[in-house]
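So the structure is just underneath, and the comments pick up after that.
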Amino acid sequence: MNERIQKIISLLLKEPNITISEMMQKLSLSRRQINYAVKLINNTLRAKHFPEITRHKNGTFEYDTSIRLLIQAGKEDQFGELSDHDRKVLIITYLILKTSYVSLNHLTSFLKYSKTTVISDIKEAQKFVKRNNLEIIYNRVEGYSLKGEKDDIYKLATKLFLNNPNLITSDLIISITKNRTIAKKATVLILDIEEKFKATFSDIYFKALNNLFQTILYRSQNSNCKSNCPSDPFITETNEYKFLKTYSGLENLDNVDLKWLVLEILASNVYDKTNLQYGTDEVKILHFIHQIVEGFKQKTLVQIDDQKQFEKRLMNHLRPACYRVKYELPNIEKLELNNSENHQILFQIIKNLIRPLEDWIGKTFPKGEVQLLTYYFGYLLASTPENRDINKPIYKAIVVCSNGIIMSNILIKILKEILPELNFICTMSIREFNNSKERFDIVFTTLPLNTNKVQFVVKPNMNYSEKIGLRYRVLNQLKIEKTDKEINNLLELISRYANLTDNQVLKADINRMLLKQNFDNSDDKKSHNLLSYLHPNYIVLNKDTNIEWKVALHEAIKPLLKDKKIEKRYEFELQRQINNPDNYSFLGTSISIPHSLPKTGILGSGIGFLVSKTPIEMPYNKTVNIIAPVAFSHTDNKLKAINQFTSLAMDKNIINKILCCKTSFEVYQIILKFVEVEEKNGDK
């Protein structure tokens, strides 16, 4: 609301019988200016369901005194136009923060909408809180109040604050509580927690935590009712609980207030955490993570560089996820489900791997949380060494992500794939970026930043067209035109046979086309089945009664060497892998699947397959009947084949049939029929 409109409303309230001529004189405005201002005021009144201003023939005005609600100390309207949903959320937020009754006048003054509208909104709010085990009660003398268990009130506050970050801000809470001291105390508390645990909350969760801390501290300070509920052992085991239990200034909190302060911390995504002095719960979760990663390696045949560091990073995401899932709290970070065949297979793998973790917390992970884990593990499959550009990039780039570590890692991996020409240094939170002295040329960010550097606003879940568009914009703006020479030659050829009217437009279109052709998007390619890598001439039957494992490996790998799928050194690498006591390269009870990274001597993709009726004694007291050395030049589009191979290894009937075969052709026919059945079942 501009200053002119505020002056007109103030004058109307001060002098109810003022005429337009008198108003023109007092405000030094023309008739046209006043009429236009009144029109704008009426538009706002109409939207808020207030009576409009009318002007009589004698120049006087008729209006309702509710227009005073449009003025807020000379400032613009606090909310502007609000949707029905927004008004409902704001009413519930107001009632959460006010531990006593509030009148209808309080709510109409707060929202600046008519009583009729607010009463209607309260009815919708009553329905909403009822679904969350709460009740908005009404007393004719005192007004409205939110009633229910404190646990349910804090859970509802968490859901509302996290899902409406642009509506429920720290300024809004301060305007309701009129308490800046608690706001400062909340901020200091979060910073002390970050310092104590060497952690950095994601930007989004930092703001949400501040709002939730204010709410808990304010309600605790203004409520006479203290809960004596027993402490939750799942919470009290944590280092965060022990820290807050002795934190100065929190001595008067009851068990529920303290529990929710701790829970809000535990459920918030961290951007980074370097403190490795794990509490009891963290040790347990890290054990589950190790099991998940080992299972992932076995089911996808992926080797993970610096696995311990990877598991520690995964802890920063999975621990908050456990607390969100157990206590049914929302996750701000969301990704749309990728419907590609590879992603669906990987999603099911991850879903199966986290079942022991679900048993521990007593709740099933919702689809959204599993999706995030799936994307994170999925990008391990895409970040293989052979996809990296050998040319040293000229430009240095950083990624600023307002979300947690999972989203940040996903985003930087996506950008590295889209733009291998750039040297991506690191990811940062917005707060880290504002204090950073890192030298870089370009910044990719999820939210616009106040910087003079070249910046591109991006999102983690870009579709194929958005990735192509981003690549084109970046290369075009940075003048990295790798295809320029080819395009110019093509234009010259076209110009010999056609009359070109706009060379630059045609050049841009050709450039986009070539970028799209050259850009590798594995999700858009059809996955290959097991038979794409296990050919009939790769199958070997052992005729000897006994065979030493190194000899068996050599015979199994011979066809791959002959077909130039591998180098000789790959065989020695697999021998080293098998000799490792931590070797996990087994499927079921009968198959060994030694494999390693492409850099150890893989030239192409293929699977050797040696069958021995007599068990082959492997190192460390293991025996198998089949040795199947696997060589994948990269893991894109191999998930389907790996999944089928795993199913085959687990099928004892199929293994027994294979062991009874007398020729390689018979083995291949059994595998062929098995794959056909798998394909048919997969299409259902």
Side-chain angles (χ1 to χ4, degrees), residues 194 196-202 239 266 268-322 333 346 349-350 353-354 356-357 369 372-388 396-401 403-417 423-429 432 436 438 460 573 576-577 580-585 595-600 634-635:
E194 287 189 326
K196 169 67 178 177
F197 297 102
K198 307 301 178 192
T200 305
F201 292 108
S202 69
N239 286 340
L266 296 173
S268 294
N269 282 342
V270 292
Y271 190 83
D272 193 17
K273 185 177 182 181
T274 57
N275 181 18
L276 302 182
Q277 295 179 349
Y278 291 145
T280 307
D281 67 314
E282 290 169 296
V283 172
K284 289 179 181 177
I285 294 171
L286 193 61
H287 172 71
F288 285 118
I289 287 173
H290 181 70
Q291 289 183 325
I292 291 168
V293 172
E294 286 296 320
F296 176 80
K297 285 162 57 179
Q298 188 174 45
K299 290 180 179 297
T300 61
L301 309 188
V302 169
Q303 296 276 18
I304 299 176
D305 292 332
D306 199 354
Q307 181 173 330
K308 284 187 178 179
Q309 187 60 35
F310 174 78
E311 290 176 1
K312 289 172 184 175
R313 290 199 307 270
L314 187 55
M315 163 79 87
N316 291 339
H317 170 78
L318 201 50
R319 187 185 184 225
C322 286
E333 298 175 359
L346 192 58
I349 288 172
I350 299 299
L353 289 174
I354 63 173
L357 189 61
E369 294 282 5
L372 276 172
L373 282 172
T374 302
Y375 271 88
Y376 192 53
F377 276 97
Y379 278 102
L380 281 175
L381 300 175
S383 57
T384 50
E386 73 283 354
N387 290 330
R388 297 170 191 161
K396 290 183 178 180
I398 65 167
V399 178
V400 176
C401 184
N403 305 86
I405 189 169
I406 288 283
M407 285 292 209
S408 301
N409 277 279
I410 288 174
L411 185 53
I412 197 168
K413 288 180 186 296
I414 292 173
L415 292 171
K416 283 179 178 179
E417 291 173 6
N423 177 18
F424 286 90
I425 304 170
C426 62
T427 62
M428 296 181 181
S429 67
E432 287 175 325
S436 173
E438 188 79 55
E573 171 61 22
R576 189 187 69 80
Q577 293 272 351
N580 187 335
D582 295 325
N583 176 35
Y584 61 89
S585 302
H595 58 279
S596 190
L597 297 169
K599 64 184 179 183
T600 58
H634 54 84
T635 46

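The structure presented is a predicted model; accordingly, all values stated were derived computationally and were not measured.
- For the atom pair R576 CZ and N580 CG, the distance stands at 7.0 Å (nearest 0.5 Å).
- Looking at every heavy atom in both residues, L372 comes nearest to H317 through CD1-CE1, 3.9 Å.
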Step-by-step side chain to side chain contact (heavy atoms under 4.5 Å, CB included) determination, I398 to V400: CA-CA 7 Å; I398 65 167; V400 176; 4.1 Å; yes

From CA spacing to verdict: side chain to side chain contact (heavy atoms under 4.5 Å, CB included), F288, I354: CA-CA 8 Å; F288 285 118; I354 63 173; over 6 Å; no

H290 and Q307: CA distance, side-chain angles, deciding distance, side chain to side chain contact (heavy atoms under 4.5 Å, CB included) verdict: CA-CA 9 Å; H290 181 70; Q307 181 173 330; 3.8 Å; yes

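- A distance-only check finds a donor-acceptor pair linking the side chain of T300 to the backbone of F296 [under 3.5 Å].
- Atom CG of residue L357 and atom NE2 of residue H287 lie 10.5 Å apart, to the nearest 0.5 angstrom.
- For the pair N239 (side chain) and Q277 (backbone), a donor-acceptor distance under 3.5 Å is present.
- Looking only at side-chain heavy atoms (C-beta outward), F377 and L353 stay at 4.5 Å or farther from each other.
- In this structure, the side chains of I425 and V399 stay at 4.5 Å or more apart for every pair of heavy atoms.
- Within the model, atoms OG of S408 and CZ of R313 stand 11.5 Å from one another, a figure rounded to the nearest 0.5 Å.
- When every heavy atom of V293 is checked against every heavy atom of F310, the shortest pair comes out as CG2-CE2, 3.8 Å.
- The two residues N269 and P320 have their closest heavy-atom pair at OD1-CB, 3.6 Å.
- Distance check, rounded to the nearest 0.5 Å: CD1 of I289 to CZ of R319 gives 10.5 Å.
- A heavy-atom distance below 4.5 Å is not found between the side chains of T427 and L411.
- E282 places a side-chain N or O within donor-acceptor distance of the main-chain N or O of G279, the cut-off being under 3.5 Å.
- In this structure a side-chain-to-backbone donor-acceptor pair under 3.5 Å is present from E194 to F201.
- In summary, the side chains of E294 and Q298 do not present any donor paired with an acceptor at a separation below 3.5 Å, with no hydrogens or angles considered.
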Stepwise salt bridge (charged side-chain N to carboxylate O under 4.0 Å, His left out) check, E311 with K308: CA-CA 5 Å; E311 290 176 1; K308 284 187 178 179; over 6 Å; no

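- Between T600 and L597, the shortest heavy-atom distance links the atoms OG1-O, 2.5 Å.
- Separation of atoms CG (L373) and CG (L314) is listed at 6.5 Å; rounding is to 0.5 Å.
- Rounded to the nearest 0.5 angstrom, T274 OG1 and K312 NZ are separated by 11.0 Å.
- Considering every non-hydrogen atom in both I285 and C322, the closest pair reads CD1-SG, 4.4 Å.
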Test side chain to side chain contact (heavy atoms under 4.5 Å, CB included) applied to V270 and T200, step by step: CA-CA 6 Å; V270 292; T200 305; over 6 Å; no

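- Side-chain N or O atoms of E432 include one that pairs as donor or acceptor with a backbone N or O of S429 at under 3.5 Å.
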